[in-house]
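By convention in this document, chain letters (A, B, ...) are assigned in the order of the sequence lines, proteins followed by strands, and residues within each chain are numbered from 1. Keep in mind that what you see is a predicted model, and the values were worked out from it rather than measured.
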Protein chains: 2
Amino acid sequence: MAVKIRQSKQRDAILAILRQSTAHPTAEDVYKQAREELPDISLGTVYRNLNFLADHNLIRRVKTKDNTVHFDGNMTPHYHFVCENCGQIYDIFPTTDATAKLISEVEMTGHKVHYSSINFVGLCAECANTLEVQEHELKEH
Amino acid sequence: MAVKIRQSKQRDAILAILRQSTAHPTAEDVYKQAREELPDISLGTVYRNLNFLADHNLIRRVKTKDNTVHFDGNMTPHYHFVCENCGQIYDIFPTTDATAKLISEVEMTGHKVHYSSINFVGLCAECANTLEVQEHELKEH
DNA sequence: GTATTTGCAAACGTTTTGCGGCTAC
DNA sequence: GTAGCCGCAAAACGTTTGCAAATAC
């Protein structure tokens with residue numbers, strides 16, 4: 001028998017937080033924000049709902065170098081760029097069909113791709129600028 | 001002053017295990033295998049060396065849906081395909097320049113890409129076959 | 001000789017879980 | 001009324017760390 005899915009203000013609030021944010025919060029971040037609206041919500045509930053939503057493809061899990069999971073409420077296809085210096089996660093939206101080509105490459109092997117997780121790590125535009133300036137200042141001495 | 005890197009039989013053994021394997025073991029897996037050769041090796045040492053090797057770009061970290069880190073001793077560029085059914089991690093070796101295109105797409109935004117981590121999730125060829133057979137058997141009743 | 005690495009065990013932070021009560025439907 | 005969800009607290013999990021002894025060079 002199929003499991004019935006029921007609505008709850010906690011789950012609605014968590015989904016709304018993720019839909020409104022582009023910051024890729026962790027479970028703890030979501031918990032803090034949810035408590036502003038629902039002061040009695042528990043961390044366990046936040047975890048349960050984040051897992052529930054991710055398993056039902058309503059949000060995405062994003063893993064970074066540090067060993068914690070971040071969440072993303074934006075379900076349009078995109079990649080993530082993680083800055084090695086500041087740790088920020090940027091959304092990158094495809095402008096070509098490069099991903100489709102990649103997937104057809106993978107499916108040549110007989111595997112069936114359900115979804116892809118494409119991450120880039122490096123130095124973000126902002127940090128690259130800052131570090132350049134610092135290097136320049138060092139050379140002056 | 002640069003930190004001197006010293007050899008140890010533990011580190012050599014761990015690197016050898018990863019070089020010889022295509023199974024993308026976890027730290028625990030490496031620990032079990034290393035103990036066959038070095039019964040007194042400790043889990044802490046395994047973690048320390050896996051992190052050391054990954055930070056020195058001698059092995060790769062691979063993140064999957066489950067909350068543990070897997071390691072990969074194959075440093076030639078490739079993607080990973082994770083089967084949702086059996087959990088196995090497959091290596092996929094590029095046959096086109098799709099990745100380069102993807103990276104140039106990302107770098108259009110001003111970010112500098114140091115490396116990429118491209119993962120696909122779905123049903124592997126073997127599991128797809130097995131499940132098809134099972135569905136067929138169900139229909140017969 | 002000394003700086004790095006080790007084994008051990010305790011500690012850490014994140015995530016999951018068992019429970020009894022609450023709530024949506 | 002009942003299955004699903006909640007808050008709470010304890011437990012489990014993977015991983016890191018402090019220490020004194022061992023080791024590489």
Measure from [atom1] on [X] to [atom2] on [N] and round the result to the nearest Å.
X	N	atom1	atom2	result
B:N49	D:dT23	CG	C1'	14 Å
A:Q10	C:dC22	CD	P	14 Å
A:L43	C:dG13	CG	P	14 Å
B:K63	C:dT15	NZ	P	11 Å
B:D12	D:dC25	CG	P	9 Å
A:K9	D:dG4	NZ	C1'	14 Å
B:D55	D:dT15	CG	P	14 Å
B:N51	C:dT6	CG	P	12 Å

Do B:V106 and A:F81 come within less than 4.5 Å of each other through their side chains, counting heavy atoms only?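 They are in side-chain contact.
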Does the side chain of B:N74 reach to within under 4.5 Å of the side chain of B:T22, using non-hydrogen atoms?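 Not in contact.
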Relative to the 5' end of DNA chain D, which residue comes earlier, B:A27 or B:R6, by the nucleotide with the nearest heavy atom? B:A27
Nearest to the side chain of [X] - [options]?
X	options	answer
B:Q7	C:dT15, C:dC25, D:dC25	D:dC25
B:T45	C:dG7, C:dA24, D:dT16	C:dG7
B:R48	D:dG4, D:dG18, D:dC6	D:dG18
B:I5	C:dT5, D:dG7, D:dT15	C:dT5
B:S8	C:dT6, C:dT23, D:dG14	C:dT6
B:I41	D:dG14, C:dG7, D:dA24	C:dG7
A:S42	D:dT16, D:dG7, C:dT4	D:dG7

Checking the side chain of A:S116 only, and the main-chain atoms of A:I118 only, is there a donor and an acceptor separated by less than 3.5 Å? no
Check whether any side-chain N or O of B:R11 sits under 3.5 Å from a backbone N or O of B:R6 as a donor-acceptor pair, and report yes or no. yes
Examine the side chains of A:H78 and A:R60 and answer whether a donor and an acceptor come within less than 3.5 Å of each other. yes
Which is true for A:R11 with a 4.0 Å heavy-atom rule: it touches a base, it touches only sugar-phosphate, or it touches nothing? sugar-phosphate
Give A:E28 one of three labels, base, sugar-phosphate or nothing, depending on what nucleic acid heavy atoms sit under 4.0 Å from its own.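 Nothing: the residue A:E28, judged by heavy atoms under 4.0 Å, touches no strand.
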Between A:Y47 and C:dT16, does any side-chain N or O lie under 4.0 Å from OP1 or OP2? no
